[in-house]
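Here the structure is a predicted model, which is why all the values come from computation and not from measurement. Excluded from the calculations below are hydrogen atoms, water molecules and symmetry mates; all remaining heavy atoms, backbone and side chain alike, are included.
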Amino acid sequence: MSILVVTGTGTDVGKTVVTAAVAALAADRRSTVAVVKPAQTGVGPDEPGDLAEVRRLSTVDDLHEYARYPDPLSPEAAARRSGLPAPTVDDVARRIRSLAEQRDLVLVEGAGGLLVRFGPDGWTIADLTRLLAAPALLVVAAGLGTLNHTALTLEVMAGRGITLSGIVVGSWPRRPDLAARVNVDDLAALGGRPIAGALAEGAAAAPDFLGAARTGLSPAYGGRFDAADFGVQMHASAEDRST
């Protein structure tokens with residue numbers, strides 16, 4: 001059994017698509033996969049949330065959402081405004097461990113960034129990750145500003161004893177600008193290893209999502225992304241545009 005937490009440097013960096021990509025590749029290898037969303041915000045009771053997108057993209061249907069709130073806020077704030085109970089970190093961890101006993105892989109997708117509050121006691125995905133003793137896959141943006149957000153997140157992870165599984169760019173632009181191309185090397189330096197993937201912009205709309213997942217994630221997650229080759233392409237692109 002294995003648990004992998006998918007977190008990000010903030011909201012809208014591509015966590016759901018990366019989660020779906022990891023799930024799709026694991027399922028393609030005939031692994032039993034469950035995906036957990038401890039709390040979903042910003043959607044009504046009958047509206048599709050992030051797990052519906054995971055199902056659509058990966059075809060994995062072993063999905064578990066523990067709480068849902070209509071306001072597009074942090075889980076703690078959304079629970080407070082709605083008057084609904086917030087999940088507790090101990091209960092969430094217990095349920096995830098129970099799932100992991102009977103699955104090859106349990107993916108846990110956070111909400112927003114690593115330190116978004118989930119309950120009135122202030123627990124975060126960082127606390128849950130540490131309690132589960134699970135590694136974290138960090139999803140980051142490509143362009144300007146991502147280095148600061150990534151460095152801050154990695155500093156928190158290191159300070160709390162959280163193992164970094166890898167860094168993945170959640171949406172690699174079709175036409176990367178200078179900042180994005182240069183950031184590839186700098187993200188690798190921050191993580192202390194080559195980046196673990198870069199999913200193409202629009203991957204969620206690709207007719208062959210499994211193929212996009214294979215191209216965008218490294219062999220550690222079942223894909224064929226080669227960070228060294230990707231870096232060479234970025235440097236060549238930068239040189240072409242400078243001439």
Side-chain angles (χ1 to χ4, degrees), residues 1-9 13-35 53-54 57-60 103-110 114 125 129 132 134-143 146-147 149-151 153-154 157-158 162-174 176 180-204 206 208-238:
M1 68 177 186
S2 177
I3 300 171
L4 178 65
V5 176
V6 181
T7 188
T9 52
V13 293
K15 292 188 300 298
T16 299
V17 178
V18 171
T19 299
V22 176
L25 291 171
D28 188 60
R29 300 193 304 274
R30 301 189 183 280
S31 297
T32 54
V33 187
V35 183
E53 183 72 344
V54 170
L57 295 172
S58 70
T59 73
V60 170
R103 278 81 170 175
D104 297 319
L105 175 65
V106 177
L107 295 170
V108 183
E109 183 191 343
L114 187 68
I125 286 295
T129 305
L132 292 170
L137 179 59
L138 180 60
V139 183
V140 306
T146 195
L147 298 180
H149 297 155
T150 301
T153 303
L154 291 173
M157 290 174 62
I162 296 171
T163 299
L164 174 67
S165 174
I167 294 175
V168 171
V169 178
S171 180
W172 184 257
R174 292 184 181 91
R181 297 193 305 273
V182 171
N183 283 345
V184 172
D185 288 340
D186 291 336
L187 287 169
L190 287 173
R193 70 192 79 170
I195 64 171
L199 286 173
E201 179 184 354
D208 177 15
F209 180 74
L210 182 60
R214 285 198 185 100
T215 301
L217 291 178
S218 75
Y221 307 101
R224 56 173 180 260
F225 176 86
D226 185 314
D229 182 61
F230 186 75
V232 169
Q233 293 178 43
M234 291 308 101
H235 286 300
S237 174

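- Nearest heavy atom pair, residue Ile167 against residue Gly191, reads CD1-CA, 3.8 Å.
- With Ser58 contributing its side chain and Val54 its backbone, the two residues share a donor-acceptor pair below 3.5 Å.
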Practice item. Before giving the answer on side-chain contact (heavy atoms from CB on, under 4.5 Å), spell out for Asp104 and Arg29 the whole-Å C-alpha distance, their side-chain angles and the decisive distance to 0.1 Å. Key: CA-CA 11 Å; Asp104 297 319; Arg29 300 193 304 274; over 6 Å; no
Exercise for review: Evaluate the side-chain contact (heavy atoms from CB on, under 4.5 Å) criterion for residues Thr59 and Phe209: first the C-alpha distance (whole Å), next the side-chain angles of each, then the deciding distance (0.1 Å), finally the verdict.
Suggested key: CA-CA 10 Å; Thr59 73; Phe209 180 74; over 6 Å; no
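- Residues Ser171 and Glu201 come closest through the heavy atom pair OG-CA, 3.5 Å.
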Practice item. Test side-chain contact (heavy atoms from CB on, under 4.5 Å) on Leu217 and Leu25 and set out the steps. Key: CA-CA 9 Å; Leu217 291 178; Leu25 291 171; 3.8 Å; yes
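- Ring pair Phe230/Phe225 is tilted by interplanar angle, where 30° to 60° counts as tilted.
- A distance of 4.0 Å separates OG1 in Thr19 from CD in Glu109, rounded to the nearest 0.5 Å.
- Here the closest non-hydrogen pair linking Gly166 and Leu137 is O-CD1, 3.3 Å.
- Pro194 approaches Ala227 most closely through the heavy-atom pair CB-CB, 3.5 Å.
- Minimum heavy-atom separation, Met157 to Thr163: CE-O, 4.1 Å.
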Review point. What's the verdict on side-chain contact (heavy atoms from CB on, under 4.5 Å) for Val168 and Ile195, showing C-alpha distance, side-chain angles and the deciding distance?
Key: CA-CA 6 Å; Val168 171; Ile195 64 171; over 6 Å; no
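- We find that Arg214 and Asp28 are joined by a salt bridge, their nearest charged nitrogen and carboxylate oxygen being less than 4.0 Å apart.
- Partner of Ile162 under the side chain to side chain contact (heavy atoms under 4.5 Å, CB included) criterion, chosen from Thr129, Leu138, Leu154: Thr129.
- Atom CG of Asp226 is separated from atom OG1 of Thr215 by 12.0 Å, given to the nearest 0.5 angstrom.
- Scanning both residues, Ala136 and Thr7, for their nearest heavy atoms gives CB-CG2, 4.3 Å.
- Checked against Leu147 for a side chain to side chain contact (heavy atoms under 4.5 Å, CB included), the options Val140, Leu187, Thr9 give a single hit: Leu187.
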